[in-house]
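Worksheet: the structure to be examined is printed underneath.
Predicted model, so just to flag it, every value in this text is computed and none were measured.
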Amino acid sequence: MTNQMTADEQQQITIRARALCALADADGHVNIAEGSLWLSTRSHMEAEYASDENVDETVSFSRAPYWIEMCGAEPIPILGPDDPDLLEYLL
């Protein structure tokens, strides 16, 4: 996250990240950017990848409770609402 943000802006992004994690917990995943960026739970990722025959079976989602999914990219592990990778996507 950029150091040029005010404390209030940082707080607002953290609040949004917590809300997105709560929505993902409730539904398995949530859109961050319509049609191109999602926050998904570990269980959602495991279920999606288990049903996809084209996925490498060695992929393990156990290392993070959340994952960023993007079209055409490898999933990114997210450790929680304070994870810097998640916060970067919310800027």
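Here the closest non-hydrogen pair linking Val30 and Leu20 is CG1-O, 3.6 Å. Nearest heavy atoms, Gln10 versus Met5: N-CE, 3.6 Å. Closest approach of Gly28 to His44, counting heavy atoms only: O-CB, 3.1 Å. Scanning both residues, Ala17 and Pro81, for their nearest heavy atoms gives CB-O, 3.2 Å. Between Ala64 and Ile78, the closest heavy-atom pair is CB-O, 3.6 Å. The minimum heavy-atom distance between Pro77 and Pro75, with the atom names listed, is CD-O, 4.0 Å.
At least one donor-acceptor pair under 3.5 Å links the side chain of Glu9 to the backbone N or O of Thr6.
We find the CD1-CG distance between Ile32 and Leu86 to be 5.5 Å, quoted to the nearest 0.5 Å. One finds the OG atom of Ser43 at 11.5 Å from the CZ atom of Phe61 (value rounded to the nearest 0.5 Å). For the atom pair CG (Asp82) and CD1 (Ile13), the distance works out to 12.0 Å, reported to the nearest 0.5 Å. Atom OG1 of residue Thr14 and atom CD of residue Gln11 lie 7.5 Å apart, to the nearest 0.5 angstrom.
Using a 4.5 Å heavy-atom cutoff, the side chains of Met70 and Ile76 are in contact. Ile68 places none of its side-chain heavy atoms less than 4.5 Å from the side chain of Asp85. Here the side chains of Glu46 and Thr41 are not in contact, with every heavy-atom distance at 4.5 Å or above. Residues Ser60 and Tyr49 form no side-chain contact, since every pair of their non-hydrogen atoms from C-beta on lies 4.5 Å or further apart. Side-chain contact between Met45 and Glu69 is present, with at least one heavy-atom pair separated by less than 4.5 Å. Residues Tyr66 and Asp25 are in side-chain contact: their nearest non-hydrogen atoms beyond the backbone lie under 4.5 Å apart.
No single ILVMFWY cluster, assembled from side-chain heavy atoms under 4.5 Å apart, contains both Tyr89 and Trp38. Linking Ile, Leu, Val, Met, Phe, Trp and Tyr whenever their side-chain heavy atoms come within less than 4.5 Å leaves Trp67 and Leu79 in two separate clusters.
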